[in-house]
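Let me give you the structure first, and then I'll get to my questions.
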Number of protein chains: 2
Amino acid sequence: MPAKRPPVPLSRERIIDAALHLADAQGLRRLTMRRLGDALEVEAMAIYHHMPGGKEALLDALAQHVTTVSVEAGERAAWQDIAALWCRAARAALLAHPGVLALAMTKPPRGSAAAAIREQTEQLREAGLAAPAEAVRAMRAYVFGSVAVELQHTGWADPTAPEPGPDPDGEAAFERGLSALLTGLGAADTTGAA
Amino acid sequence: MPAKRPPVPLSRERIIDAALHLADAQGLRRLTMRRLGDALEVEAMAIYHHMPGGKEALLDALAQHVTTVSVEAGERAAWQDIAALWCRAARAALLAHPGVLALAMTKPPRGSAAAAIREQTEQLREAGLAAPAEAVRAMRAYVFGSVAVELQHTGWADPTAPEPGPDPDGEAAFERGLSALLTGLGAADTTGAA
DNA sequence: ACCTGAACACCGTTCAAGT
DNA sequence: ACCTGAACACCGTTCAAGT
């Protein structure tokens, strides 16, 4: 008799996980407090107990989730290597949840996402980059734009497209552009590489 | 007595204009068929007469609107100049309506937007670029990403931010990155410049 | 042809109430 | 402390009806 599981208590983390799943599977427009409640086997109103800000706070949390990345680099790593790791990690995090890309690109970075950006900037500065803030801005733009066109290209969120399969050209194009970007950032930076 | 103006007939164009205004002023989440009807001094249900696909078609039309650009280039213009004009025009079109950026980046290009991309690709091919499709993809990614971080940076859609004033660094950073991108595209293209 | 009114199923959110 | 039920104001959309 598979009747009633022990009632796993609701939590902010479970809510966010379920919301990501729902947005990826059905799209952001179908992410609804009531449907989210159904997915969590709970009345929609229970969510507010763990998400004080309501739906707006939930969307903020989703944006932070797919936008908070960190890389640990070797002690004496070149800034180019750190930057490349960061861009790849950021791309992977966004591609993992295509349903919330619009939020990630649209909402200003807050909380953990803003902290990650600051940490990244500091890492690049310590690795010898003279203008790390500008570099991080350029890297964020590159990752956002690449992922957006890659997902458009795969037909994600396109009712016409047959299936959302991965884009083989996406990664190769990303790596080519990444090399060019890092070269350009090095040339623009007053100190040059270490 | 300023009572009743002659009833300007509703039209697809007027609907799109009003929707853009509403999205820019209040945000996409507040763009509502009923509010849109109010803005047009009409009942919401009248909109369906001119927008057969309902709200989904309206959002599609908004994405196309801010994403359909064309440039006319001189007969013998270098592909770099054509590309630069296109990127600047695309950036301007997106910045003009920050409220629908999320749609522009998220919806696959359709109709006039897809046609504009094809036309652009053809122009670049005629100007001597050997792999114009890859170049256009890279340019689209660049423009999307730049505009997204620029708007994040100005604090658009940030309830915390004081005012959405323009970003003085935005244009300069855009032009620097644009030069680097075009250089990179030239180096990657098998033919090189004309 | 073009717009309205009423209706339906659904939404976010509140608040008092249950356990 | 944590969740529910009922309620409220608001959605998108349909359909028959008005002019």
Side-chain angles (χ1 to χ4, degrees), chain A residues 3-64 99-100 102-103 106-107 157 159, chain B residues 3-64 99-100 102-103 106-107 157 159:
Chain A
K4 49 179 171 184
R5 261 160 280 177
V8 182
L10 208 49
S11 72
R12 191 182 151 89
E13 195 191 3
R14 283 187 61 219
I15 292 170
I16 290 175
D17 280 0
L20 287 171
H21 190 80
L22 208 47
D24 291 336
Q26 317 221 29
L28 211 46
R29 296 211 54 230
R30 300 186 68 104
L31 170 56
T32 255
M33 297 303 269
R34 284 163 141 109
R35 262 192 277 253
L36 187 52
D38 283 354
L40 292 162
E41 301 186 61
V42 113
E43 295 300 312
M45 304 76 194
I47 297 170
Y48 289 81
H49 232 266
H50 302 262
M51 269 287 167
K55 191 171 190 186
E56 204 56 41
L58 173 62
L59 298 182
D60 256 49
L62 298 183
Q64 285 185 37
V100 296
L103 295 175
T106 272
K107 300 228 174 211
Chain B
K4 48 179 169 185
R5 262 160 279 178
V8 182
L10 207 47
S11 71
R12 191 181 151 89
E13 196 191 3
R14 282 187 61 218
I15 292 170
I16 290 175
D17 280 0
L20 287 171
H21 190 79
L22 207 47
D24 291 336
Q26 316 221 28
L28 212 45
R29 296 210 54 231
R30 301 186 69 102
L31 170 57
T32 256
M33 297 304 269
R34 282 163 143 108
R35 260 193 277 253
L36 187 51
D38 282 353
L40 291 162
E41 299 186 62
V42 112
E43 295 301 312
M45 304 75 193
I47 298 171
Y48 290 80
H49 232 268
H50 302 262
M51 268 289 168
K55 192 173 189 186
E56 205 55 41
L58 173 62
L59 298 183
D60 256 49
L62 298 183
Q64 284 185 37
V100 296
L103 295 176
T106 270
K107 301 227 173 211

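Chain identifiers are assigned alphabetically (A, B, ...) following the order of the sequence lines, protein sequences preceding nucleic acid strands; residue numbering begins at 1 within each chain. Predicted model, so just to flag it, every value in this text is computed and none were measured.
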So with a 6.0 Å cut-off around NE2 of A:His21, is the heavy-atom count from everything else above 12?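 It does not: A:His21 NE2 has 12 such atoms or fewer within range.
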For a quick test of reading the model, state the closest non-hydrogen atom pair linking A:Ala23 to A:Leu31 and the distance between them.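 Result for this residue pair: CB-CD2, 4.5 Å.
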B:Ile47 and B:Leu58: CA distance, side-chain angles, deciding distance, side chain to side chain contact (heavy atoms under 4.5 Å, CB included) verdict: CA-CA 10 Å; B:Ile47 298 171; B:Leu58 173 62; 5.8 Å; no
Provide the start and end nucleotides, 5' to 3', of the part of DNA chain C that has atoms under 4.0 Å from heavy atoms of chain B. C:dC2 to C:dA7
Within the 4.0 Å heavy-atom criterion, would you say B:Arg29 contacts the bases, only the backbone, or no part of the nucleic acid?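 B:Arg29: no heavy atom of the nucleic acid under 4.0 Å.
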Distance in Å, A:Asp17 CG paired with A:Leu62 CG, rounded so as to fall on 0.5 Å steps: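 One finds 10.0 Å between CG of A:Asp17 and CG of A:Leu62.
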Walking DNA chain C from its 5' end, the first of B:Arg34 and B:His49 to be reached, judged by nearest nucleotide, is B:His49
Specify the residue among B:Gly54 and A:Val42 whose closest nucleotide of DNA chain D lies further upstream toward the 5′ end. A:Val42
Both B:Gly53 and A:Pro9 contact DNA chain D. Taking the nearest nucleotide for each, which residue is further toward the 5' end?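 Upstream on the strand: A:Pro9.
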Sugar-phosphate only, base, or nothing, as touched by B:Met45 at under 4.0 Å among non-hydrogen atoms: base
Within the side chain of B:Arg14, is there an N or O that forms a donor-acceptor pair under 3.5 Å with the backbone of B:Pro9? yes
Does the side chain of A:Leu59 come within less than 4.5 Å of B:Arg29's, by heavy atoms?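 In short, these two side chains touch, coming nearer than 4.5 Å.
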Write down the atom of A:Thr106, the atom of B:Ala102, and the distance for their closest heavy-atom approach.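 A:Thr106 and B:Ala102 have their closest heavy atoms at OG1-CB, 3.6 Å.
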Have a look at B:Arg35 and say if it touches a base, only the backbone sugar-phosphate, or nothing, with a 4.0 Å heavy-atom cut-off. sugar-phosphate
State the dot-bracket string of DNA chain C. Criteria: Watson-Crick or G-U wobble, both atom distances under 3.5 angstrom; notation: ( ) intrastrand, [ ] crossing earlier pairs, | interstrand, . unpaired. ||.|||||...|||||.||
Minimum heavy-atom distance A:Arg35-A:Arg30, with the two atoms named: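 Here A:Arg35 and A:Arg30 meet closest at NE-O, 2.9 Å.
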